[in-house]
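Please read the structure below before turning to the comments.
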Protein chains: 2
Amino acid sequence: MTLSEEDYIKAIYHLGKGENTTVSTNAVAEQMETKPSSVTDMIKKLSDKGVANYKPYKGVSLTEYGQKIALSLVRKHRLWEVFLVENLNFSWDEVHEVAEQLEHIKSEKLVDQLDKHLGFPQVDPHGDPIPSKKGEFKKTIKKLLNEVPVGTSGICVGVKDSSTPFLKFLDKNDISLGDTVLVMEKEEFDGSLNIKIKEKIIHISNQIAANLYLKITE
Amino acid sequence: MTLSEEDYIKAIYHLGKGENTTVSTNAVAEQMETKPSSVTDMIKKLSDKGVANYKPYKGVSLTEYGQKIALSLVRKHRLWEVFLVENLNFSWDEVHEVAEQLEHIKSEKLVDQLDKHLGFPQVDPHGDPIPSKKGEFKKTIKKLLNEVPVGTSGICVGVKDSSTPFLKFLDKNDISLGDTVLVMEKEEFDGSLNIKIKEKIIHISNQIAANLYLKITE
DNA sequence: ACAAATATTTAGTTTTATCTAAATATTATT
DNA sequence: AATAATATTTAGATAAAACTAAATATTTGT
């Protein structure tokens with residue numbers, strides 16, 4: 001199997017969790033199911049092309065230019081996933097393999113028009129954010145207090161507070177982190193608000209709202 | 001540039017005009033902008049795989065299996081062209097290059113669903129027919145007499161008759177072969193019929209209808 | 001800080017697609 | 001039918017990606 005430069009760029013990007021950290025030769029080799037020596041060869045080449053920063057024995061990271069390429073691939077991948085689910089009856093767990101191929105198609109007009117055709121979606125079918133043409137992510141995790149517009153729905157995630165009253169509140173309302181869907185219903189002047197969980201509307205205080213975080217899905 | 005097996009299959013198919021004729025090594029080389037010796041190497045390989053029939057010095061043709069692959073590529077290419085024009089605001093003269101990439105994407109479900117999404121189109125934006133999943137073409141060139149349903153539009157093409165009255169008829173009605181658009185309006189029991197040409201409806205005899213051929217575009 | 005374990009690179013080999021140039025086969029011309 | 005022109009194949013060279021195994025650097029554990 002012959003791997004493309006784009007495949008290497010993606011691997012470096014994903015191993016660095018999109019944060020442009022340095023990743024090791026072995027990590028890249030393992031991820032790509034190839035040998036470390038092959039990775040060394042390729043990252044030297046990527047370095048020559050100005051796509052990656054490579055210091056022998058110190059690992060690789062992407063240059064700004066390399067990141068742009070990676071983000072463009074992520075953008076294309078996720079837009080195609082939306083297309084497959086919304087227009088071609090794919091389910092969210094079927095799309096990855098095909099999007100993996102489609103993301104390599106080269107045409108700026110194609111991507112721009114696809115984006116427009118889909119109504120400029122912010123997230124893919126897995127809820128992952130779609131970077132803009134310029135490579136920027138919309139912030140998808142927001143504090144319930146003051147940051148979430150009425151009508152928005154999302155999933156409860158990571159909570160700062162672990163005090164007894166707060167955990168009791170979660171328990172009482174059947175909220176489990178990572179999978180409970182919330183809809184913002186109404187917001188009061190004092191920051192307290194109404195949310196809908198599992199068809200029931202409940203009122204929560206501003207104090208609790210300040211500690212609940214929502215991963216926006218729509 | 002490194003050419004894929006699929007690229008070779010396409011070249012052989014197109015040079016043979018889709019009729020599975022034998023094509024020469026040099027013709028393939030010229031079409032693909034590569035050297036004859038490279039072609040020899042590849043067609044040997046295709047022959048080993050059961051995709052092509054190769055007799056040294058006698059040229060290549062596709063096996064039945066090879067033809068299936070070629071038709072599947074044509075099908076994908078043309079479906080994607082329809083998609084680009086109908087859904088993504090491409091014009092018909094912009095689509096080729098992108099479709100050239102998209103046709104290599106491998107997913108049966110993708111093609112089936114795309115076909116469905118587009119409403120099972122019969123022709124691409126250039127008016128070329130789209131083969132079915134089984135590799136069959138709908139006949140797109142039909143005799144005006146008895147073969148064309150009311151409402152159908154198409155382009156006047158190849159005429160059998162070259163008698164003076166017939167040519168006079170064409171001239172009088174401003175019909176030029178290859179680009180005049182016709183719409184079938186009404187058909188009489190005796191085979192004479194009304195057609196619309198350039199916003200004018202004219203009546204033609206069954207004799208003339210038997211000699212006019214229409215390339216269906218819609 | 002040293003030795004052992006692990007990670008990375010280098011050197012040299014293999015594979016594959018391509019090319020050039022020479023050799024051979026086919027086709028065209030007289 | 002013989003020769004010239006053209007087409008095709010073969011043999012061997014080059015380039016690129018990937019591998020193995022050995023060499024070298026870094027990290028870990030005591």
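Every heavy atom of this structure was used, including side-chain atoms; hydrogens, water molecules and symmetry mates were not. In what follows, chains carry the letters A, B, and so on, assigned in the order in which the sequence lines appear, proteins first and then strands, with residues in each chain numbered from 1.
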Notebook entry, point to check: Would you say the side chain of A:Thr40 and the base of C:dT10 hold a donor-acceptor pair, judged only by whether the two atoms sit under 3.5 Å apart?
Noted result: no

Next item on the list: Classify the angle between the aromatic ring planes of A:His126 and A:Trp92 as parallel (below 30°), tilted (30 to 60°) or perpendicular (above 60°).
Entry: perpendicular

Margin query: Mind checking if B:Ser38 touches a base, just sugar-phosphate, or nothing, with heavy atoms under 4.0 Å?
Written below: base

Next item on the list: Quickly work out the A:Asn26 CG to C:dA5 P distance and round it to whole Å.
Entry: 18 Å

Notebook entry, point to check: Between atom NZ in A:Lys44 and atom P in D:dA16, what is the gap in whole Å?
Noted result: 15 Å

Next item on the list: Would you mind telling me which of C:dT9, D:dA11, C:dA25 lies closest to the side-chain atoms of B:Tyr57?
Entry: C:dA25

Note to self: Heavy atoms from C-beta onward define the side chain here; which of C:dT18, D:dC19, C:dA25 lies closest to that of B:Thr34?
What the structure shows: C:dT18

Next item on the list: Quickly work out the B:Lys45 NZ to C:dT16 C1' distance and round it to whole Å.
Entry: 8 Å

Notebook entry, point to check: Nearest-Å distance, CE (A:Met42) to P (C:dT9)?
Noted result: 15 Å

Next item on the list: With A:Lys44 as the cation and A:Tyr54 as the aromatic partner, state whether NZ or CZ is under 6.0 Å from the six-membered ring centre and within 45° of the axis.
Entry: no

Next item on the list: Looking at every strand, decide which applies to B:Thr2 at a 4.0 Å heavy-atom threshold: base, sugar-phosphate, or nothing.
Entry: sugar-phosphate

Next item on the list: Would you please indicate if the ring centroids of A:Phe83 and B:Phe83 are separated by under 6.0 Å?
Entry: yes

Notebook entry, point to check: Between A:Ser37 and C:dT10, does any side-chain N or O lie under 4.0 Å from OP1 or OP2?
Noted result: no

Check: Is the number of heavy atoms from other residues, nucleotides or ligands within 6.0 Å of NZ (B:Lys106) greater than 12?
Finding: yes

Item checked: Touch class at under 4.0 angstrom, heavy-atom based, for A:Met1 against every strand present -> sugar-phosphate

Check: Rounded to the Å, how far apart are B:Asp41 CG and C:dT20 P?
Finding: 13 Å

Item checked: Aromatic ring pairing B:Trp80/A:Trp80, orientation class (parallel under 30°, perpendicular over 60°, tilted between) -> perpendicular

Check: A:Met32 has an atom CE; how far is it from atom C1' of D:dC19, in whole Å?
Finding: 15 Å

Margin query: Counting only side-chain heavy atoms from C-beta out, which of C:dT26, D:dT9, C:dT18 sits nearest to B:Tyr8?
Written below: C:dT18

Margin query: I need the NZ-P distance between B:Lys35 and C:dA17, as an integer number of Å.
Written below: 19 Å

Notebook entry, point to check: So what does B:Pro56 touch, heavy atoms closer than 4.0 Å: a base, only the sugar-phosphate, or nothing?
Noted result: sugar-phosphate

Note to self: Rounded to whole Å, please give me the gap between CD in A:Glu33 and P in D:dA18.
What the structure shows: 13 Å

